[in-house]
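Naming convention: chains lettered A, B, ... in sequence-line order (proteins, then strands); numbering from 1 in each chain.
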Protein chains: 2
Amino acid sequence: MENCIFCKIANKEIPAEIVYEDADFITFVDINPQSPGHVQVIPKKHARWVWEVPNFSDYFALVRKIARALQGTFGTDAVWMKVMGEEVPHAHVWLFPAPYEAKGEKKDFAGNAEKIRRNLSA
Amino acid sequence: MENCIFCKIANKEIPAEIVYEDADFITFVDINPQSPGHVQVIPKKHARWVWEVPNFSDYFALVRKIARALQGTFGTDAVWMKVMGEEVPHAHVWLFPAPYEAKGEKKDFAGNAEKIRRNLSA
């Protein structure tokens, strides 16, 4: 969709620290992190709400995979998820280690992305 | 698990306004609602975190089904989801219409449950 910031990230028109990508989805580090390792998991194809993403089952299988990688990367089982959607009108899932538990520096975007990528490929 | 309030709700040892139930999952109205129609979707079998629920794909297919029923019941596409987990150590997904959009009275537990049930069976 024109002028959609998440479509632009999916199309590589805007740079982001990408931790995972396949044909349908992309996961990148949030620039306003709640905690170290805060990522956004989004479908590449524009959808307004998470609930209307057509390959929903694949979407949440990926969300779970990323959540498990965050558990391993940041030393806590407590990985939080939030779906709201009023800020950016493109379906997105927030995933981040519980702020009171996560180890690391939340503004180290490149370093955190690299650690998550290593954990995902392990 | 002994002394787990959500196991007790799943086992009907503690009453709740149930909006959906099958062999594996149960959905009930939250008694501290963020908005009208705030429900908890939980597995009946105890699990500490959402991420470790074995039939995860079924779990989130149900979450989506409930979310769509909330959209229909409360007149908004904006249905929020939160997964945290520090308050009750039994996997649970919060689902509720966006507080600024939802129509209705959030403390009308029985009335809201009845409306959601009607929408689910429609």
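- For chain B, the nearby parts of A/R64 are the backbone and the side chain; heavy atoms of each come within less than 4.5 Å.
- Taken to the nearest 0.5 Å, the CD atom of B/E86 stands 4.5 Å off from the CH2 atom of A/W80.
- Linking ILVMFWY side-chain heavy atoms closer than 4.5 Å, directly or via other members, places A/F6 and A/I14 in a single hydrophobic cluster.
- When the heavy atoms of residues 93-101 of chain B are compared with those of chain A, the residues falling under 4.5 Å are B/L95, B/Y100, listed by number.
- Residues of residues 27-45 of chain B lying under 4.5 angstrom from chain A, judged on non-hydrogen atoms, do not exist.
- Grouping the Ile, Leu, Val, Met, Phe, Trp and Tyr side chains by contacts below 4.5 angstrom, directly or via other members, places A/L120 with A/F109.
- Minimum interatomic distance between A/F60 and B/F60 (heavy atoms only, all atoms of both residues): CD2-CD2, 3.6 Å.
- The 12-atom threshold is not exceeded at CD1 of B/I5, counting heavy atoms of other residues, nucleotides or ligands nearer than 6.0 Å.
- Side-chain contact check for B/W51 versus A/V79: some heavy-atom pair is nearer than 4.5 Å.
- Placement of B/L62 and B/I9 in two distinct hydrophobic clusters is found when ILVMFWY residues are connected by side-chain heavy-atom separations under 4.5 Å, directly or transitively.
- At a 4.5 Å heavy-atom cutoff, the contact between A/W49 and chain B is made by side-chain atoms alone.
- Cluster membership check: A/Y59 shares its hydrophobic cluster with A/Y20, using side-chain heavy-atom separations under 4.5 Å among Ile, Leu, Val, Met, Phe, Trp and Tyr.
- A 4.5 Å side-chain heavy-atom check between B/M81 and A/K82 finds every atom pair outside the cut-off.
- Both A/V50 and B/F56 are part of a single hydrophobic cluster, where members link through side-chain heavy atoms under 4.5 Å apart.
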